[in-house]
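Values below: all heavy atoms of this structure, side chains included; hydrogens, waters and symmetry mates excluded. Note that the structure is predicted; figures quoted are calculated from it, not measured.
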Amino acid sequence: MACLQDKFKEGEGECTFDGTVDWHGRPAIKAKSGQWAAGIIILLNQGLATLAFFGVGVNLVLFLTRVLQQSNADAANNVSKWTGTVYIFSLVGAFLSDSYWGRYKTCAVFQVIFVIGLVILSLASYLFLITPKGCGDELTPCGSHSSMEVSLFYISIYLIALGNGGYQPNIATFGADQFDEDDPREGYSKVAFFSYFYLAMNLGSLFSNTILGYFEDEGMWVLGFWMSAGSAFAALVLFLGGTARYRHFKPSGNPLSRFGQVIIAAMKKCRVEMPSDGEEELYDVDTKDCSMNGNRKILHTDGFKFLDRAAFISSRDIDDQKRGCRNPWRLCPITQVEEVKCILRLLPIWLCTILYSVVFTQMASLFVEQGAAMKTTISNFKIPPASMSAFDILSVAFFIFLYRRVLDPLVSSFKQTSSKGLTELQRMGVGLVIAIMAMVAAGLVECYRLKYARKDCRHCEGSSSLSIFWQAPQYALIGASEVFMYVGQLEFFNAQTPDGLKSFGSALCMTSISLGNYVSSLLVTMVVKISTEDHMPGWIPGNLNTGHLDRFYFLLAGLTTIDLAVYTACARWYKSIKLEKKCEENDHEENLRV
């Protein structure tokens, strides 16, 4: 390869083996690109962007009720739609990144949209929405607004949803791109990057949930929104400042057409009789052809045999090749077929993570309602129930360092292999186990809360003498489960998706959280409907002291146990992606032999 020969002559150093290129499209040089110099910039960018996003999202329901005068039900419904839209836009960003723009351009464009949305929201709040001045706190509602002012508000928050949604799945993958997984030292750093990425995201949300959340709860909405806009702008400037240092993968083209070609080609040959051992008769590009945008070839696997028909070379395909043309809707390379197989194998694992996200979403809903019905005062200071999520964030930070520094080396010593610690699938299973423990802990706390609660109260905030700090264990357990589940999920989908679909893998993580919100809402609705028959108060009534929230938590623990059993079966069935070495690495080995 020209890079290794020419660059060594020029004294510039060794190129990466994973096919990454620099800003000018030339093979990236290890010493001058990527690694932690670029990774730290991306971690700081993620922390600032998360702070900006949750600076709006954490109290959006309060803004809708206090400033726009919406009912609780309408506000909750609008926030759910907005949150779901964020995750839908993540699929749009992943598609553009993997297909056409590449991850750098996609991140930059959507961050600009994100900043524009925040600036419009800040200006609209200052000029039109916060009227009269000083309104929007708990005691002073705002006046009515024209349809144009409300429309401007919705345009701004959906621009924020578009910007953050399109950026989020790409920034994690782009950060991982800065480490060459074919280099042992950089490969280990790549695994560590995902843990620190999730930590940066949680630290950003900690600031927004506490400091910005306090300002907005006190009615200082404009200040909170401008601080979010400033944080997003700083994140954008920081990201652009590292441009010369980044490593890039070239986009691979539209994956939808590639998937469609495999399905249709296989269907066209559904009546073709396949030989029992016909792997040699499957079409593939030349192993020495490095024209696949630097992507590694995927080796043939035995699963989903029907799809192999798309790569089977029939007599008609031989005639087409003699004429110098190949119909991609009739004959596909085996690597293209294996791409489809990879995604099909990932789907069962992905579906099993949705129920975990149902457990995770309880922190923002029922945990808060449960905390509000407990003793929330220490002397004259009142603890906001939502601020208990700080225990979750602190738990995430603690368990990330515990796993990286203690558990990972300890497990590696017991395994006595070259692999590092638990696999991604094993860690996701551990996350499900800890999630079950969190739901059991929440249910037990609720049992004791009911034991010390007044049943005859009308406004039941603080109606139980049990301290809100008894919720700390359930928040801490959720935080511990996130480290194993969500960090493992990020690593797993990044490692197991083909090179041309890495951003799509990160988008799957986000859509899992989105569907978890929807499933949680559906489950609560079903439980309320069934448990309120025969004029019973139900498990989750307005007055929790007359209900049985503990039973709902135990129900989630039971469902998650079933999900764990299904997940274990899927994980045992799963076969990892098999990749050939990249063209650059093969050339490097040939140079070493010369």
Side-chain angles (χ1 to χ4, degrees), residues 172-173 176 181 187 190-192 194-195 198 298-305 307 338-360 399-400 403-404 407-408 410-412 414-440 477-478 480-498 501-502 504-516 519 556-579:
T173 311
E181 65 183 31
K190 182 175 183 175
V191 173
F194 287 107
S195 297
Y198 199 75
I298 309 175
L299 300 179
H300 177 254
T301 57
D302 293 331
F304 301 102
K305 283 282 190 180
L307 295 176
E338 290 297 324
E339 274 190 339
V340 180
K341 290 185 182 181
C342 285
I343 300 304
L344 292 177
R345 289 192 184 99
L346 287 173
L347 289 180
I349 302 293
W350 173 72
L351 289 171
C352 289
T353 65
I354 294 174
L355 194 59
Y356 171 82
S357 294
V358 174
V359 172
F360 175 73
F399 276 95
I400 281 177
Y403 179 77
R404 299 297 316 166
L407 296 180
D408 192 35
L410 184 64
V411 173
S412 297
F414 278 114
K415 291 175 72 174
Q416 295 181 343
T417 62
S418 58
S419 61
K420 291 289 184 179
L422 299 173
T423 66
E424 294 93 346
L425 287 173
Q426 289 170 340
R427 284 154 55 195
M428 291 161 68
V430 171
L432 283 172
V433 171
I434 300 175
I436 295 169
M437 296 168 59
M439 287 297 97
V440 171
L477 285 169
I478 291 289
S481 69
E482 289 176 60
V483 172
F484 288 95
M485 172 56 81
Y486 282 144
V487 176
Q489 197 176 345
L490 277 171
E491 291 181 27
F492 176 73
F493 285 123
N494 183 268
Q496 296 300 316
T497 47
L501 294 169
K502 296 295 187 185
F504 174 76
S506 295
L508 282 178
C509 301
M510 296 188 67
T511 51
S512 168
I513 300 173
S514 175
L515 291 175
V519 172
L556 282 181
L559 291 174
T560 309
T561 302
I562 297 172
D563 184 53
L564 174 63
V566 176
Y567 170 81
T568 302
C570 292
R572 290 175 66 88
W573 166 82
Y574 182 80
K575 292 183 179 179
S576 297
I577 187 172
K578 296 180 180 179
L579 298 165

Reported CG-to-OH distance for the pair Leu490 and Tyr198, which is rounded to 0.5 angstrom: 8.5 Å

Minimal non-hydrogen separation, Thr353 against Met485, with atom names: CG2-SD, 4.1 Å

Side-chain touch Glu491/Thr423, heavy atoms, less than 4.5 angstrom: no

Test salt bridge (charged side-chain N to carboxylate O under 4.0 Å, His left out) applied to Arg345 - qualifying residues, sequence neighbours left out: none

Check: Lys502 side chain, Thr497 main-chain N or O, donor-acceptor pair, under 3.5 Å: yes

Partner residues of Glu338 under the salt bridge (charged side-chain N to carboxylate O under 4.0 Å, His left out) criterion, sequence neighbours left out: Lys341

Residues Asp408, Val191; criterion side chain to side chain contact (heavy atoms under 4.5 Å, CB included); working and verdict: CA-CA 11 Å; Asp408 192 35; Val191 173; over 6 Å; no

Heavy-atom donor-acceptor pair, Thr560 side chain to Leu556 backbone, under 3.5 Å: yes

Listed partners of Tyr356 passing side chain to side chain donor-acceptor pair (under 3.5 Å), at least two apart: Ser481

Any residue meeting side chain to side chain donor-acceptor pair (under 3.5 Å) with Ser506, in chain and number order, not counting sequence neighbours: Thr173

Gap between atom OG of Ser512 and atom CZ of Phe493 - 0.5 Å precision: 7.5 Å

Spacing of Leu501 atom CG and Leu508 atom CG [to the nearest 0.5 Å]: 9.5 Å

Over all atoms of both residues, closest heavy-atom pair of Ala557 and Val440: CB-CG2, 4.0 Å

Matching residue for Phe492 among Tyr486, Trp350, Tyr574 - test: ring-ring contact (aromatic ring centres under 6.0 Å, His included): Tyr574

side-chain contact (heavy atoms from CB on, under 4.5 Å) partners for Ala495, two or more places apart: Glu424

Close side-chain approach of Val340 to Phe304, heavy-atom, < 4.5 Å: no

Inter-residue atom distance Phe360.CZ - Ile354.CD1, 0.5 Å rounding: 15.0 Å

Closest contact, heavy atoms only, Val487 versus Ser195: CG1-OG, 3.6 Å

Euclidean distance, Lys578 NZ relative to His300 NE2, rounded to 0.5 Å: 10.0 Å

Test applied, side-chain contact (heavy atoms from CB on, under 4.5 Å); reference residue, Tyr567; option that passes from Leu432, Leu351, Leu355, Ile562: Leu432

Minimal non-hydrogen separation, Trp573 against Pro348, with atom names: CZ3-CG, 4.0 Å

Counterpart residues, side-chain contact (heavy atoms from CB on, under 4.5 Å), relative to Leu407 (two or more places apart): Leu402, Tyr403, Phe484

Atom of Arg404, atom of Ala192 and distance for their closest heavy-atom approach: NH2-CB, 3.5 Å

Side-chain donor/acceptor of Gln496 to backbone N/O of Ile577, under 3.5 Å: yes

Shortest non-hydrogen separation from Ala571 to Leu425 and the atoms involved: O-CD1, 4.1 Å

Side chain to side chain, Val433 and Val430, heavy atoms closer than 4.5 Å: no

